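To start, the structure under review is shown below, and the notes come after it.
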Amino acid sequence: MSNEAIAQQLRELADLTDYVGDSPFKARAYRQAAHTLETLTTPIEAIAEQGVDALQAIPGIGEAIAEKIVAYLQTGVLPKREQLLSQVPHGVLEVMAVPGIGAKTAKLLHDRLGVRDLESLRHALLSGAADQLPGLSPHKRERLLRLLELQHKSQRRTPLGFALQRGQDLLRAVQQVQGVQQAQLCGSARRMQEDIGDLDFLVATELPEPTLEALLKLPEIHAVYAQGAHRAQAFLSDGLQVDFRATPPNHWGAGLVYLTGSKAHTIRLRQRAQQRGLKLNEYGVWRGDVCIASESEEAVYAALGLPCIPPPLREDAGELEAAEQGRLPQLLQPQHVRGDLQSHSNWSDGFNTLEEMAQTAAALGYDYLAITDHAHLLGEGGEWMTAFEQRRREIDALNEQYGGRPYLLDALEVNIRADGSLDAPEAMLHRAQLVLAGVHDAHGMPREQMTQRLLRALEHPAVDILAHPTCRRYGKRLANDADWERIFERARALGKAVEINGYPTRMDPPTPLARALVESGAWVSLGTDSHAARDLPAMTLAVGLAQRAWATPERVLNTLARDALLQWLADRRQQV
DNA sequence: GCCGTTTTCGGCCCGACTGTTTTCAGTCG
């Protein structure tokens with residue numbers, strides 16, 4: 001997938017363009033093209049093969065950027081970026097990434113103090129040399145030093161699962177603060193983006209200043225970055241950034257639209273308002289000085305001639321066109337989900353017993369839970385089948401005892417070896433009620449080899465679901481490369497499912513690929529990959545990712561009632 | 001650099017906060 005790689009280079013080119021003082025609109029065009037590439041569900045190579053006209057048919061990509069993409073695909077670099085980098089120290093890109101330092105400040109720091117990377121920036125700040133520069137007060141110097149410290153400690157982006165947890169805890173505290181009439185977590189967390197940069201809270205209040213003041217005194221707040229009459233920015237002790245935005249209660253809906261974003265979606269909405277002789281800001285939709293919509297999100301979208309677009313779709317990735325044409329998907333909702341199709345018990349590497357898993361699944365209201373213990377961890381060597389049969393008897397007993405509420409599926413997760421064969425005895429695979437196959441080692445193979453590996457596993461008659469397709473892990477492992485279009489198409493043709501995995505550090509496949517999966521028409525299976533009962537609520541994350549992929553309930557396996565799911569499994573096995 | 005039922009040239013979202021600006025530039029979301 002070069003899409004992300006080219007997008008990254010275009011963003012750097014945009015930063016460099018700002019740095020050297022070329023037209024800011026050029027930089028914006030580069031960033032817009034980068035965003036478009038990141039949301040494409042097709043590999044850019046495939047489009048480029050159809051010729052330069054196909055590239056230019058993509059919105060935001062014209063003659064010049066199309067040429068740059070072709071050059072990148074041929075040489076692996078953007079010539080313009082290389083040229084600028086030969087004039088500018090490499091490290092200014094990381095200096096510009098520090099919050100509060102933009103292109104102008106970075107250039108000033110370089111030209112006057114020789115700042116060329118984070119280390120020389122730290123030195124310039126500590127030595128006091130930076131105090132002499134316009135715009136760099138001692139106060140700002142302290143702030144920047146603290147930021148450098150925090151950035152050092154924290155990863156720049158936090159996986160959604162962890163961020164949502166922190167955001168919901170903090171939201172409860174926010175709602176208790178004097179003056180807060182209503183509060184909601186917005187931003188990328190509300191859009192269920194797989195990783196987030198900060199937590200954005202919208203707060204409805206009649207008294208913005210004292211309320212913000214009180215919010216910044218919450219014990220969770222470690223350091224205040226900026227504070228005004230309507231907005232405040234702060235950091236938690238682990239470096240996670242928090243933004244508070246106060247809004248008058250009667251402008252709540254417009255505030256939600258503004259703070260939920262995404263930025264690209266908001267800009268499109270504002271352009272749309274302009275085209276209709278209106279103006280959209282965080283307070284509402286305006287005709288001249290008259291506010292014509294502000295109280296609810298529905299009203300704001302309606303004033304722009306659109307149905308309300310669900311937050312996970314607000315990425316400027318075709319949702320405005322779909323809304324305009326009445327083609328918005330009827331998204332999958334959490335209440336559609338009847339059960340979880342990947343979980344592990346202490347029969348393999350899970351923490352909890354089958355019964356503890358069943359009890360939590362029952363508390364979640366599930367009809368079923370697939371216990372997908374790792375086949376190769378079920379007993380040692382020749383003991384596999386014995387352990388498997390013992391586990392089955394325990395599952396049968398629990399299903400009897402609980403009257404099938406929830407019903408536990410006697411399932412397996414099996415490792416796909418490097419050659420695409422499965423690491424489990426055939427007898428076991430065919431006796432299991434449901435089989436997930438997934439890659440657990442030999443990552444990072446060349447694309448074609450990985451493709452063949454996954455296709456071969458998919459062809460195995462016992463395999464029902466391809467688990468965590470790309471195997472990416474936050475902070476640990478990049479996504480595996482493969483010809484996903486072919487793999488999803490083969491899964492569709494075989495009537496098999498591909499998993500959307502909601503385990504917090506996996507969230508696999510990433511959004512654009514998940515959307516390609518949904519578009520392929522293959523069955524989708526939602527799994528939390530829980531290794532403990534307390535992980536099971538992560539289904540929220542899997543559903544969020546599926547929503548970002550535009551999934552509707554129809555092709556999601558987990559929306560089937562128990563008997564329909566068992567019938568689906570039986571039908572597929574008969575086809576073999 | 002992109003784009004066009006306002007435009008092939010002249011626009012390009014909009015407002016809050018910081019700093020030192022007595023009216024605005026830089027940065028951010």
Side-chain angles (χ1 to χ4, degrees), chain A residues 10 13-15 17-19 21-36 55-69 78 80 95-109 130-131 133-144 147 186-191 196-202 208-209 212 224-234 241-247 251 254-255 257-286 304 314 316:
Chain A
L10 280 169
L13 176 55
D15 285 348
T17 303
D18 284 335
Y19 185 86
D22 202 348
S23 159
F25 296 109
K26 236 190 232 189
R28 210 182 75 160
Y30 295 144
R31 293 196 178 96
Q32 225 150 22
H35 173 77
T36 303
L55 284 175
Q56 288 191 46
I58 302 170
I61 294 180
E63 200 179 329
I65 294 181
E67 255 176 49
K68 288 179 170 61
I69 291 172
L78 291 183
K80 183 77 179 280
V95 172
M96 285 172 69
V98 176
I101 299 184
K104 296 279 170 32
T105 311
K107 182 144 175 53
L108 201 63
L109 284 163
D131 292 6
L133 296 183
L136 273 170
S137 62
H139 177 64
K140 181 155 186 178
R141 178 194 63 200
E142 290 309 313
R143 214 170 59 183
L144 285 173
L147 273 175
C186 299
S188 45
R190 184 169 179 233
R191 300 198 313 275
I196 69 131
D198 61 3
L199 296 171
D200 297 302
F201 291 94
L202 183 68
E209 285 195 71
L212 285 172
V224 177
Y225 176 68
Q227 181 180 6
H230 307 277
R231 216 181 87 188
Q233 293 180 295
Q241 187 181 327
V242 177
D243 287 14
F244 295 114
R245 176 84 199 199
T247 187
H251 294 281
V257 172
Y258 162 73
L259 204 58
T260 299
S262 65
K263 186 172 172 169
H265 177 85
T266 307
I267 289 175
R268 287 288 308 276
L269 287 179
R270 288 176 175 187
Q271 287 169 340
R272 186 178 172 91
Q274 272 188 333
Q275 286 160 7
R276 300 174 169 236
L278 304 170
K279 183 178 74 172
L280 171 65
N281 60 21
E282 54 264 57
Y283 301 106
V285 180
W286 301 78
L304 302 175
R314 298 182 194 173
D316 187 21

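The basis for the numbers below is simple: all heavy atoms, side chains too, and nothing from hydrogens, waters or symmetry mates. In this text the structure is predicted, and so the values were computed from the model without any measurement. Just so it is clear: chains get the letters A, B, ... in the order the sequence lines come, proteins before strands, and each one is counted from 1.
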Nearest to side-chain heavy atoms of A/Y258, which nucleotide of B/dG29, B/dG1, B/dA16: B/dG29
A/E282, nearest nucleotide to its side chain (from B/dA16, B/dG29, B/dG1): B/dA16
5' precedence on DNA chain B between A/R28 and A/G60 (nearest-nucleotide basis): A/G60
pair A/L202-A/Y258: side-chain heavy atoms closer than 4.5 Å: no
A/L108 side chain reached by A/L136 side chain, heavy atoms, under 4.5 Å: no
Sugar-phosphate, base or nothing in reach of A/R268, heavy atoms under 4.0 Å: nothing
Distance, rounded to the nearest Å, where A/R270 contributes CZ and B/dC13 contributes C1': 5 Å
Euclidean distance, atom CG of residue A/L10 to atom C1' of B/dG1 [Å, nearest integer]: 11 Å
Span that lies between the C1' atom of B/dG1 and that of B/dT5, in whole angstrom: 24 Å
A/F25 over B/dC2, stacked by centroid distance under 5.5 Å, angle under 30°: no
Given B/dC13, B/dG29, B/dC14, the nucleotide with the shortest approach to the side chain of A/D200: B/dG29
Heavy-atom check, side chain of A/R141 versus side chain of A/D131, under 4.5 Å: yes
P spacing across the pair B/dT6 / B/dC2, given as an integer number of angstrom: 23 Å
Euclidean distance for P, B/dC17 against B/dC12 (whole angstrom): 24 Å
A/R245/A/D200 salt bridge by N-O under 4.0 Å criterion: no
Any A/K263 side-chain nitrogen or oxygen under 4.0 Å from OP1 or OP2 of B/dC14: no
Non-neighbouring partners of A/K279 that pass side chain to side chain contact (heavy atoms under 4.5 Å, CB included), sequence neighbours left out: A/N281, A/W286
Length of the CD-P vector between A/Q275 and B/dC12, whole Å: 12 Å
Tabulate protein N/O versus nucleotide N/O from nucleotides 17-19 of chain B, keeping only pairs under 3.5 Å, one per line.
residue : atom : partner : partner atom : Å
B/dC17  : OP1  : A/A229  : N            : 2.8
B/dC17  : OP1  : A/H230  : N            : 2.5
B/dC17  : OP1  : A/R231  : N            : 2.8
B/dT18  : OP1  : A/Q227  : N            : 2.8
B/dT18  : OP1  : A/Q227  : O            : 3.0
B/dT18  : OP2  : A/Q227  : O            : 3.1

Touch class at under 4.0 angstrom, heavy-atom based, for A/Q32 against every strand present: nothing
Test item: A/D18 and A/R31 side chains (from C-beta on) under 4.5 Å apart, heavy atoms: yes
Pairwise P distance for B/dC13 and B/dT18, with rounding to whole Å: 25 Å
At a cut-off of 3.5 Å, list every protein nitrogen or oxygen paired with a nitrogen or oxygen from nucleotides 8-11 of chain B, distance to 0.1 Å.
none

Between B/dC28 (C1') and A/K104 (NZ): distance, integer Å: 14 Å
Sugar-phosphate only, base, or nothing, as touched by A/L259 at under 4.0 Å among non-hydrogen atoms: nothing
Polar side-chain atom of A/R314 near backbone of A/T260 as donor-acceptor pair, under 3.5 Å: no
Nearest-nucleotide comparison on DNA chain B, the residue closer to the 5′ end among A/K279 and A/S23: A/S23
A/L133 CG to B/dT27 P, straight-line distance once rounded to whole Å: 12 Å
Base-pairing assignment for B/dA16 (Watson-Crick or G-U wobble, both under 3.5 Å): B/dT27
Gap in Å between the two P atoms, one belonging to B/dT20 and one to B/dG15, rounded: 25 Å
Whole angstrom value for the distance that separates P of B/dT20 from CG of A/D131: 11 Å
pair A/Q233-A/D198: side-chain heavy atoms closer than 4.5 Å: no
Touch class at under 4.0 angstrom, heavy-atom based, for A/P24 against every strand present: nothing
Distance (rounded to the nearest 0.5 Å) between A/R190 CZ and A/L259 CG: 9.5 Å
Atom-to-atom span, CG of A/L147 to C1' of B/dC28 - whole angstrom: 13 Å
Touch class at under 4.0 angstrom, heavy-atom based, for A/K107 against every strand present: nothing
Presence of A/T105 side-chain N/O under 4.0 Å of B/dT27 phosphate oxygens OP1/OP2: yes
Pair A/F244-A/Q227, side-chain contact (heavy atoms from CB on, under 4.5 Å): steps then yes or no: CA-CA 9 Å; A/F244 295 114; A/Q227 181 180 6; over 6 Å; no
Side-chain touch A/K68/A/Y30, heavy atoms, less than 4.5 angstrom: yes
Length of the CD-P vector between A/E63 and B/dC2, whole Å: 8 Å
B/dG1 phosphate, OP1 or OP2, under 4.0 Å from A/R31 side-chain N/O: no
Backbone N/O of A/R191 and side chain of A/S188: donor-acceptor pair under 3.5 Å: no
Sugar-phosphate only, base, or nothing, as touched by A/A103 at under 4.0 Å among non-hydrogen atoms: sugar-phosphate
Between B/dG11 and B/dA16 - C1' atom distance, rounded Å: 25 Å
Given B/dC28, B/dC14, B/dG1, the nucleotide with the shortest approach to the side chain of A/Y30: B/dG1
Sugar-phosphate only, base, or nothing, as touched by A/L269 at under 4.0 Å among non-hydrogen atoms: nothing
Minimum-distance nucleotide (side-chain atoms of A/I65 versus B/dG1, B/dA16, B/dG26): B/dG1
